[in-house]
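Data block below; observations after.
Note on naming: letters A, B, ... go to the chains in the order of the sequence lines (proteins, then strands), and numbering restarts at 1 for each one. What you are looking at is a predicted structure, and each value in this text was computed from that prediction instead of being measured.
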Number of protein chains: 2
Amino acid sequence: MNLNIPDTRQHVLAQRLDDGLQIVAIEVAEEFDVSVDTIRRDILALEAAGKAHRVRGGAMPVTCPTSPLHVRLAAGGTIKPALVQATIEQIGAASTLLLDGGATTLALIDKLPRLDRRLVITPSPWIAIACQERDIDTFMLGGRLSAPGGMAVGDVAVGKTMGVAADIAVLGACGIEAEFGLSSDDFAEAQMKQAMHAAARRTIVVTDGAKLGRRARHHTLGLQQIDLIITDAEQNLTDPIARAGTNVVTVWSHN
Amino acid sequence: MNLNIPDTRQHVLAQRLDDGLQIVAIEVAEEFDVSVDTIRRDILALEAAGKAHRVRGGAMPVTCPTSPLHVRLAAGGTIKPALVQATIEQIGAASTLLLDGGATTLALIDKLPRLDRRLVITPSPWIAIACQERDIDTFMLGGRLSAPGGMAVGDVAVGKTMGVAADIAVLGACGIEAEFGLSSDDFAEAQMKQAMHAAARRTIVVTDGAKLGRRARHHTLGLQQIDLIITDAEQNLTDPIARAGTNVVTVWSHN
DNA sequence: CAACATTATGCAGGGTTTTGCATGAATCTG
DNA sequence: CAGATTCATGCAAAACCCTGCATAATGTTG
């Protein structure tokens, strides 16, 4: 016979809530062989601890977790799902991915199918944590943390990247334009992107339409070095790039 | 029938706890044919030794430390502010800090005074992000990401750690005990802690009282390698360590 | 062996936590 | 609006914990 005390019951209930399950007081009362009042008190305690959202008849998972990552991910909600979806399709079953930092690539992780032998290599602590939460094997590149992009940069990181061989590098962009190619605001991040390109067989740039036609401070990659650009820009913006010979996948927001 | 003395009973009970079983005082009392009071005293002893988590009606295994870091953080475990404060004081104005991963060290960042030439070196993406948000210069050690600890581990990470020189290494603990020293549940994490100790002039271990008297799977550092232990444990737990010659700072929760 | 110290155990009391129930208010449903 | 369900509150019983004390078992010393 198990211990049937508030602590254990509440622990079990909290776990269920974390898994996204609802709690029906009457059912749980029967399950634990206690009165509904007792379960009600348990739920009351869980609510006081911020672990449950009390509703009539039981409890629901609390909607907003406090983890800093989720805050950021929530902020990344502005990333177009279609952009993410198109990128996932392009990635396919590639087993070794090099993922750039940035809100766009971060949004990818949530939807990335979990393959058995898939490895994500990234200079971004954000991506690293997101991968962990999804139980994806991760290799984190080290180096000095660059404030603008929130990713590890510097010679150290670049040199180490050279030692790996990835199937696909997925890069974000600060700017991309027909003549100037892919450009970045931070020099160190530009270096990092170059290294990631060099270490991968295939380079994909995914970016929202606002970056097209823009030139950021530091030239990073020429268009001919980019295998594919995925964007949601208007056709008049993508045309000059497509004419330069680079493949472009354009997604349309539902309208 | 075996001897029915405290030693043997407690040994049996400890084993059951190690197997993840709960202990119900009344049942065990019947089983050993002693009064409930005696079993209560046994559990009391086990708790003092850090081998049991005493609850109403019996005892439970000490909190299973194998759940990944992001789960533990989401569970809302709280770090004692006094513990953080004491550690901050010990760190003082040290300019290069080597910070272990873990919930305790993560809580440090929030309160860490921002010095001009301070640099935080860490294998933990969590810490890296927290530092970045507080505008603290950060160097991230790269490597394979370990799920349980939420930090970079492995040959690459150890190698990079060897290449740095820090003033103070602040380590967390899975277990710390007078004879066995500092121990970890994960071998790769144990390696990282050893490397961090080697790379710093001074090694501080900060841990809550629950870890004292506990032996985790892998021996990591001997007590003599640790310059200071900061904890909130009861004196009967810290005494054996202090007698072994290691400095111990004990903080008191409001009581 | 005797006397003493130490440890282990059971028991009684008083206090705290937990639980189930009763009552009336609040909320949902048709 | 009537009926049913659920909730809040207070209360008393039960279970459990803590403390101190007496007793028995065991070990130690002279």
Side-chain angles (χ1 to χ4, degrees), chain A residues 1-17 21-63, chain B residues 1-17 21-63 76-78 178 209-210 213 232-237 239-240 243 252-255:
Chain A
M1 166 71 188
N2 267 348
L3 284 173
N4 200 351
I5 55 175
D7 258 6
T8 56
R9 279 195 313 266
Q10 286 166 28
H11 197 265
V12 170
L13 296 182
Q15 185 134 10
R16 289 188 194 174
L17 288 169
L21 300 174
Q22 306 180 8
I23 290 178
V24 181
I26 297 184
E27 290 176 9
V28 178
E30 205 163 316
E31 179 186 337
F32 285 106
D33 196 27
V34 294
S35 80
V36 182
D37 299 68
T38 301
I39 297 300
R40 199 194 314 292
R41 279 184 265 246
D42 287 335
I43 294 177
L44 227 32
L46 285 175
E47 186 188 42
K51 295 178 187 171
H53 180 220
R54 211 154 54 95
V55 297
R56 191 178 177 82
M60 308 248 311
V62 42
T63 44
Chain B
M1 169 73 190
N2 267 341
L3 283 175
N4 200 350
I5 56 174
D7 260 4
T8 59
R9 279 196 313 266
Q10 286 168 29
H11 195 266
V12 169
L13 295 182
Q15 183 128 16
R16 289 187 195 175
L17 288 169
L21 299 174
Q22 303 178 340
I23 290 177
V24 181
I26 298 184
E27 289 177 10
V28 177
E30 207 163 314
E31 179 185 338
F32 286 102
D33 196 28
V34 293
S35 80
V36 181
D37 300 68
T38 301
I39 297 300
R40 199 193 316 290
R41 278 183 264 247
D42 286 335
I43 293 177
L44 228 31
L46 286 175
E47 186 188 43
K51 295 176 186 169
H53 179 217
R54 210 156 54 95
V55 297
R56 191 178 177 82
M60 311 234 321
V62 287
T63 318
T78 166
D232 62 351
E234 302 293 324
Q235 193 169 6
N236 61 336
L237 286 172
D239 266 354
R243 266 200 300 276
W252 303 97
S253 335
H254 61 89
N255 273 332

Open item on the list: Is it the case that atom CD in A:Glu47 sees more than 12 heavy atoms from other parts of the structure closer than 6.0 Å?
Closed with: yes
Open item on the list: I need the A:Gln10 CD to A:Arg41 CZ distance, nearest 0.5 Å.
Closed with: 11.5 Å
TODO: Output the distance between atom CZ (B:Arg56) and atom OG1 (A:Thr8), rounded to the nearest 0.5 Å.
DONE: 12.5 Å
Between [atom2] on [N] and [atom1] on [X], what's the gap in Å once rounded to a whole number?
X	N	atom1	atom2	answer
A:Glu47	D:dA8	CD	P	9 Å
B:Gln10	C:dA8	CD	P	8 Å
A:Ile5	D:dC17	CD1	C1'	13 Å
B:Arg40	C:dC11	CZ	P	13 Å
B:Ile39	D:dC17	CD1	P	12 Å
B:Glu27	D:dC16	CD	C1'	15 Å
A:Arg9	C:dT18	CZ	C1'	8 Å
B:Asp37	D:dG20	CG	P	15 Å

OP1, OP2 of [N] versus side-chain N and O of [X]: anything below 4.0 Å?
X	N	answer
B:Arg54	D:dC18	yes
B:Ser35	C:dC11	no
B:Arg56	D:dA14	no
A:Arg41	C:dT19	no

Open item on the list: On DNA chain C, compare the nucleotides closest to B:Val36 and A:Asp7; which residue's is nearer the 5' end?
Closed with: B:Val36
- [ ] Hey, which sits more toward the 5' end of DNA chain C by its nearest nucleotide, B:Asp42 or A:Asp33?
- [x] B:Asp42
TODO: Could you check A:Ile26 against B:Ile26 and say which one's nearest nucleotide on DNA chain D is further toward the 5' end?
DONE: A:Ile26
Task: Residue A:Pro6, side-chain heavy atoms: nucleotide from C:dG10, C:dT18, C:dG20 that is nearest - done: C:dT18
- [ ] Look at all strands and tell whether A:Val24 reaches a base, only sugar-phosphate, or nothing, counting heavy atoms closer than 4.0 Å.
- [x] nothing
Task: B:Val12/B:Phe32 under side-chain contact (heavy atoms from CB on, under 4.5 Å): CA gap, chis, key distance, verdict - done: CA-CA 11 Å; B:Val12 169; B:Phe32 286 102; 4.1 Å; yes
Open item on the list: So that I can tick it off, tell me whether B:Arg16 and B:Glu31 are bridged by a salt bridge, with the cut-off set at under 4.0 angstrom between side-chain N and carboxylate O.
Closed with: yes
